[in-house]
Amino acid sequence: MPVLRSVFIALSKNRMLRGLSERSVVGRRMSSRFVAGMEISDALRAAEAVNQQGMAVTLDSLGESVTSEMEAHQGAGIYHQLLDAIAEKKLNANISVKLTQMGLELSPKLAETIAKSLAEHASRLDNFVRIDMEDSSLTQATLDIVRRLHARPDLRGAIGIVIQAYLYRSEADIEQLAADGIRVRLCKGAYKEPVEVAFARKRDVDANYIRLAEILLESPIYHGLATHDEAMIAAAKSFAARQGIEPKHFEFQMLYGVRRDLQRNLVREGYNVRVYIPFGREWYPYFMRRLAERPANAVFLAKNFFRA
Ligand code: FDA
């Protein structure tokens, strides 16, 4: 399986395949398993439906690694529209943003300026911007930007970050973020990382996930535990129960289209659940990372596709 994971992650970076797939009808049809649609209206409709099932939402306008300042501003424009639409429709939703979509690889200053204006907009509407975490070459720059913005009194509580349990550095980062009072989403990590920076074995990643989840659960801030792994969820629940931490003190987060049964069960048990809803035309890298996490998805999708 690790070989297939590497293959899908390598494919996720292939520009030619990306262009071909994103334009093809077949590709779009395949991607609809994990992507809510191509337009803002599709995302808002999906968010409404998820809210009706008692779950919160975070919206991701797909796109990453832009190559011009204009593209970065266009990407930000969609998020500004989303923040207004969420307020107007009174949705229980916030936004998830990748800094490389906001130009981080072109200029960290550009990405910070854009993230600042999104956080200011969110703060005015009493909403929140989650900055997704990308590969380890960007971890420090992402942390620096989020910590600088969060240190501004007007943006306190309006911006948060993601930490990946597979990175060795994450425990120290989480201690620092908890001290700063910054909201964290903890995930395992979706990129291919060298052994110099990340645990290679699933069992080490899982053990670290549980260790970090416990630190977050004990902090006074409202954090998110993003996983579909039943063992991680059970460990978090039992730690919270042992420590007398109320279920409403934190939330579980899962991806749109993944383990809907688990999402519903958690809601029924009284836990907060947030669903990450991606939408947009640039779905290819996101889709490939989902196949990397569970290569069996590729077989499942192919079977259903040819059956339909
Ligand atoms: P793991 O991969 O061990 O899977 C456990 C079980 O979950 C599998 O056996 C399977 O049953 C199920 N499962 C997992 N993935 C599935 C899939 N794609 N399809 C079907 N079933 C699946 N990563 C990152 O690097 N930066 C980020 O900002 C984010 N953001 C983020 C937000 C949210 C809300 C989630 C849920 C995840 C992320 N991730 C992420 C992705 C994350 O790092 C990780 O790659 C996936 O969540 C898969 O890891 P699990 O914790 O689910 O466990």
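For this chain, numbers begin at 1 and follow the sequence in order. This one's a predicted model, so the numbers in the text were calculated from it and none came from an experiment. Whatever order the structure lists ligands and atoms in, that order sets their numbers, starting from 1.
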Chemist: One line per pair, note the atom names and distance for all nitrogen or oxygen contacts under 3.5 Å between ligand 1 and the protein.
Modeler:
unit_1: ligand 1; atom_1: 3 (O); unit_2: K188; atom_2: NZ; d: 2.7
unit_1: ligand 1; atom_1: 3 (O); unit_2: K202; atom_2: NZ; d: 2.8
unit_1: ligand 1; atom_1: 7 (O); unit_2: H228; atom_2: O; d: 3.4
unit_1: ligand 1; atom_1: 18 (N); unit_2: R290; atom_2: O; d: 3.3
unit_1: ligand 1; atom_1: 18 (N); unit_2: E293; atom_2: OE1; d: 3.1
unit_1: ligand 1; atom_1: 19 (N); unit_2: N297; atom_2: ND2; d: 2.8
unit_1: ligand 1; atom_1: 25 (O); unit_2: Q164; atom_2: NE2; d: 2.8
unit_1: ligand 1; atom_1: 25 (O); unit_2: A190; atom_2: N; d: 3.0
unit_1: ligand 1; atom_1: 26 (N); unit_2: M133; atom_2: O; d: 2.8
unit_1: ligand 1; atom_1: 28 (O); unit_2: M133; atom_2: N; d: 3.0
unit_1: ligand 1; atom_1: 30 (N); unit_2: R185; atom_2: NH1; d: 3.1
unit_1: ligand 1; atom_1: 43 (O); unit_2: G189; atom_2: N; d: 2.6
unit_1: ligand 1; atom_1: 45 (O); unit_2: E293; atom_2: OE2; d: 2.7
unit_1: ligand 1; atom_1: 51 (O); unit_2: T227; atom_2: OG1; d: 2.6
unit_1: ligand 1; atom_1: 52 (O); unit_2: H228; atom_2: N; d: 2.9
unit_1: ligand 1; atom_1: 52 (O); unit_2: H228; atom_2: ND1; d: 2.8
unit_1: ligand 1; atom_1: 53 (O); unit_2: K188; atom_2: NZ; d: 3.2

Chemist: Check the hydrophobic clustering (I, L, V, M, F, W, Y; side-chain heavy atoms under 4.5 Å; chains of links allowed) and say if F128 and Y276 are grouped together.
Modeler: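 In one cluster: no.
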Chemist: Quick one: is the NZ or CZ of R201 closer than 6.0 Å to the six-membered ring centre of F199, and within 45° of its axis?
Modeler: no
Chemist: Any salt bridge linking R211 with E171? Criterion: basic side-chain nitrogen under 4.0 Å from a carboxylate oxygen.
Modeler: yes
Chemist: Between D261 and R259, is the closest basic N to carboxylate O distance under 4.0 Å?
Modeler: yes
Chemist: Take a 6.0 Å sphere around NZ of K90 and say whether it holds more than 12 heavy atoms from other residues, nucleotides or ligands.
Modeler: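 Open.
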Chemist: Regarding S65 and E105, do their side chains bring together a donor and an acceptor under 3.5 Å, going by distance alone?
Modeler: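 Yes, because at least one side-chain N or O of S65 sits under 3.5 Å from a partner of the opposite role on E105.
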